[in-house]
Novice: 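Please find one structure pasted underneath; my questions will follow.
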Number of protein chains: 2
Amino acid sequence: MSDVAHAAGVSTMTVSNVLTGRRRVSTQTRTRVERAAADLGYELNLTARHLRAGRTDTVALAVPFFDHPYFGELAARLARLLAPEGRHLVVEQTGPSREAELAAVTRARWQLYDGVLLSVVGMTAADLDDLRTSVPLVLLGEQQMPARYDHVRMDNVGGARLATAHLLATGARRIAVVGGAEPSADAGMMPARTLGWALAHEDAGAAAEPGLVVRAPADLASGREAVRRIVRDGIAFDAVLAVTDTLAAGVLAGLAEAGLRVPDDVQVVGFDNLASSELTVPALSTVDPGHEHLATEALRLLDVAVARGPGRGADGAADAPRHVTAPAELVLRATTRERRG
Amino acid sequence: MSDVAHAAGVSTMTVSNVLTGRRRVSTQTRTRVERAAADLGYELNLTARHLRAGRTDTVALAVPFFDHPYFGELAARLARLLAPEGRHLVVEQTGPSREAELAAVTRARWQLYDGVLLSVVGMTAADLDDLRTSVPLVLLGEQQMPARYDHVRMDNVGGARLATAHLLATGARRIAVVGGAEPSADAGMMPARTLGWALAHEDAGAAAEPGLVVRAPADLASGREAVRRIVRDGIAFDAVLAVTDTLAAGVLAGLAEAGLRVPDDVQVVGFDNLASSELTVPALSTVDPGHEHLATEALRLLDVAVARGPGRGADGAADAPRHVTAPAELVLRATTRERRG
DNA sequence: CTGTTAGCGCGTTCAC
DNA sequence: GTGAACGCGCTAACAG
């Protein structure tokens, strides 16, 4: 920068002023400076600016996996909200395992950001409790979190309940939960959605059979595998609640393989409303977890955290942390039947 | 940091030494310092370290869209390669339009990184030519790029040729190219893949009918839309080469909608080998563009660029820029028939 | 409208 | 094995 200043015959301060536009500079010197900068191929050093300013105008989204479409869509939404304000979003990966997630978190990396949206999957409440950081933080995730953090989540129980109720109303009697788990509101996504399934049965005065809870990891191959298993075991079922759209895609593949027609023989509902789910064959009925609401709220929370000053993000002595739940909504497409009546 | 030093009764230098481990420190003072740091909740300021060091041990991947699965998968691969070396990957979005892409590029953002992998989609060679940056850069993308940059690409022509040849060999005679364009090796992904389609016809002594080139943007809804269009127009076809897997998913949806059986009535091949393509119904045959090779080479190139020193990335006076093409490979699943004989 | 001074929080260099 | 001084590149704050 001093090179530019020298070439333009001014001080570095003036160069800085031209670049930031914070102070008025005569048109004459401005053009001289701009010329000099262009000639020298000068590039502002953002690292230095950030150090000086104590701000970076950048928010990080830390996700467990780069390659899950859910996070890609979330990132795109957040970027769209941040861009008009001249703020930036960068995405970092915390890692595929609980250990990696922890290690990522321990690293002082996010000192580099004004705030961090942390998508929690593998970490436990205890892990998070150890996490002392002064960077404004908002947690995204479905399990129980320490109360002292701001936290945004979906309405997993409500969404699954809605979906299951619809299946019941369309005549389904034996609804398998692929990706199911021990029902619980606080133990993560799978237990919460399974709870919704159970509650919907209760609402309808029907029995939720534990034998229809099919455990499966939330990866690509598992949905198909799960269907193969229940078919092989001769378990009767006339509908599937897949706890994620990814699992649902596998379920559809498995059903096709088994010669079962959707929705005539078996109805299917997913959860997440991924963009790609519109294109499954048949088009997937699913639960929309309130993506837009979720993204908006997460940023709003982060902004108030940033506003009340970095440096006391963790001790939370100031305001009470906020917890918001985005409302879920049922999206009916072609893998379910019409409601009777 | 000086607080910690004070609390531990040492100088900041010693604290620094403890933290970096660069110089030997007596076990005694080390523990004293560590205790003090923990008590005070001290966090290293990475911005300052980066300014001082001139390095960040971080590579950026700049992509046009966060929410396209292809980029998510690429990012995951790169992160997997970087992690063992203690280097980090962050993903930034350049923006959805050519304008946004340009603006993103113009910003001095990637001074923040040791190197940048830039995924080019909307920008032209001329745009890139204007892009003077001292940050080591490797271009990823399928159109013609200025020769002075390192560049990694897929074998689009070869891959499409392979796929088309297989369709021809299985008896297909009228192969529509969904997402096709004016054939050309240098004008981007769609023209290159269309060229492969044309060349395969030539190889087989068959006629590549221009009427079977179906233009379509590479987004989610377009594949289905394209099929609707050709069916409505009464164009006869017995196979589809979709230029991306995403388009292929739409094509499968469109064919199902039209009551056409896959692969009996119409065969389908995609391009990209996305993870999700294994779960389409039926499972999609596709071209794998050599993902792993691509990621490895991109990083290797970036590393030599970084090694020869930032500060003269763009003028390329030093070494000749490198251009590598990853080999494509056909992945046969259930949307194609067996080769005859 | 422009320049001078000082310091953001580290780590290299050189002394002890 | 430890400390003091200096500077990475930028920009508030205060002159002028």
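Each chain gets a letter, A, B and so on, in the order the sequences are listed, and its residues count up from 1. Both backbone and side-chain heavy atoms feed into the values below; hydrogens, waters and symmetry mates do not.
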Novice: Hey, does Thr296(A) have a side-chain heavy atom less than 4.5 Å from the side chain of Leu81(A)?
Specialist: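 Touching, per the 4.5 Å side-chain cut-off.
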
Novice: Which residues, if any, of residues 40-48 of chain B bring a heavy atom under 4.0 Å of DNA chain D?
Specialist: none

Novice: Using a cut-off of strictly less than 4.0 Å between a heavy atom of the residue and any atom of DNA chain C, enumerate the qualifying residues of residues 23-36 of chain B by number.
Specialist: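 Within residues 23-36 of chain B, the residues near DNA chain C are Arg23(B).
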
Novice: Relative to each other, are the rings of His151(A) and His323(A) parallel, tilted or perpendicular (30° and 60° limits)?
Specialist: perpendicular

Novice: The side chain of Arg49(B) lies closest to which of these nucleotides: dG9(C), dG3(D), dC10(C)?
Specialist: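 The listed nucleotide nearest to Arg49(B)'s side chain is dC10(C).
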
Novice: Specify the separation, in whole Å, of atom CG of Leu51(A) and atom P of dG11(C).
Specialist: 12 Å

Novice: Are any of the side-chain heavy atoms of Tyr113(A) and His88(A) separated by less than 4.5 Å?
Specialist: no

Novice: Which value, rounded to the nearest 0.5 Å, describes the distance between Thr47(B) atom OG1 and Leu51(A) atom CG?
Specialist: 6.5 Å

Novice: Give a yes-or-no answer on whether the side chains of Arg49(B) and Thr20(B) include a donor-acceptor pair shorter than 3.5 Å.
Specialist: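 On atom types as modelled, these side chains do not qualify, holding no pair under 3.5 Å.
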
Novice: For Glu85(B), look at atom CD and say whether over 12 heavy atoms of other residues, nucleotides or ligands are found less than 6.0 Å away.
Specialist: yes

Novice: Tell me: NE2 of His50(A) to C1' of dG9(C), nearest whole Å?
Specialist: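 It is 15 Å, rounded to the nearest whole Å.
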
Novice: Near DNA chain C, which residues from residues 11-19 of chain A have a heavy atom under 4.0 Å away?
Specialist: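 When residues 11-19 of chain A is checked for heavy atoms under 4.0 Å from DNA chain C, the hits, listed by number, are Ser11(A), Met13(A), Thr14(A).
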
Novice: Quick one: Asp3(B) CG to dC10(C) C1', roughly how many Å, whole number?
Specialist: 14 Å

Novice: So, Glu43(A) versus Ser134(B): side-chain donor-acceptor pair below 3.5 Å or not?
Specialist: yes

Novice: Round to the nearest Å and state the distance from Arg55(B) atom CZ to dC10(C) atom C1'.
Specialist: 14 Å

Novice: Apply side chain to side chain contact (heavy atoms under 4.5 Å, CB included) to residues Thr58(A) and Leu89(A) and explain how you reach the verdict.
Specialist: CA-CA 6 Å; Thr58(A) 303; Leu89(A) 181 76; over 6 Å; no

Novice: To the side chain of Met1(B), which of dC10(C), dC8(D), dC8(C) is closest?
Specialist: dC10(C)

Novice: How many Å lie between CZ on Arg52(A) and C1' on dG7(D), as a whole number?
Specialist: 15 Å

Novice: Can you tell whether the side chains of Arg87(A) and Asp303(A) come within less than 4.0 Å, N to carboxylate O?
Specialist: yes

Novice: Can you tell me how far apart CE (Met145(B)) and CG (Leu140(B)) are? Round to the nearest 0.5 Å.
Specialist: 8.0 Å

Novice: Side-chain contact test, heavy atoms from C-beta onward, threshold under 4.5 Å: evaluate it for Arg55(B) versus His50(B) and give yes or no.
Specialist: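 Heavy-atom side-chain distance check fails, nothing below 4.5 Å.
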
